[in-house]
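First comes the structure, then the notes that go with it.
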Amino acid sequence: MPGIAGRPANDLQAPDASTNNIMNNEVKTFREAILLVLHTWRAASAFFFSIELWLMVGVAAATVGGVWLAFMGDAWSLLAFGFSIGYVVARTVLHVKRILNWPFI
């Protein structure tokens, strides 16, 4: 039976247990699962506490709110859409001027 990429299934090796890769851990107990979740959250905390993430969440909320307000026929939808579009334009300009450095762009 073929394995991944045409290699025989018995040729595939498990990842080395000495690596620090979070995704390659075998969890056998509930305590290990909790420790792995805590380790993962600590590793990702810089992203979760960044202002960039919360601005993107705010833009998403403003866009959804703007669509809802537009559906209801309210002129406040223009303000919500203006915030969403203005944020995207301002972010693009700041990246082009190299004022913001974000690893995704």
**Asked** Can you get from Val57 to Phe47 by hopping between Ile, Leu, Val, Met, Phe, Trp and Tyr side chains that sit under 4.5 Å apart?
**Response** yes
**Message:** Side-chain heavy atoms nearer than 4.5 Å, only ILVMFWY residues, links allowed to pass through others: does that put Phe30 and Leu38 together?
**Reply:**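 Yes: a chain of side-chain contacts under 4.5 Å links Phe30 to Leu38.
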**Request:** Examine distances only and state if a side-chain atom of Trp68 and a backbone atom of Ser77 form a donor-acceptor pair shorter than 3.5 Å.
**Result:** no
Quick one: closest heavy-atom pair of [X] and [Y], and the distance?
X: Glu26; Y: Glu32; value: O-OE1, 3.8 Å
X: Ala62; Y: Phe83; value: CB-CD2, 3.6 Å
X: Ala70; Y: Phe81; value: CB-CE1, 4.2 Å

**Prompt:** With a 4.5 Å heavy-atom cut-off, do Val59 and Met56 have their side chains touching?
**Reply:**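 No. Closest side-chain heavy atoms not under 4.5 Å.
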**Inter-residue atom distance Leu35.CG - Thr29.OG1, 0.5 Å rounding** =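 Interatomic distance, Leu35 CG to Thr29 OG1, rounded to 0.5 Å: 7.5 Å.
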**Message:** Nearest 0.5 angstrom please: Leu55 CG to Tyr87 OH, how far?
**Reply:**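 That separation rounds to 5.0 Å.
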**Hydrophobic cluster (4.5 angstrom, side-chain heavy atoms) - remaining members for Trp76** = Leu69, Leu79
**Request:** Any chance you could pull the hydrophobic cluster mates of Val96, using side-chain heavy atoms under 4.5 angstrom and chaining through other members?
**Result:**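 In the cluster with Val96 there is nothing else; it is isolated.
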**Item:** Distance flag, aromatic centroids of Trp41 and Phe48, threshold under 6.0 Å
**Value:**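 Judged by ring-centre distance (under 6.0 Å), Phe48 and Trp41 do meet the cut-off.
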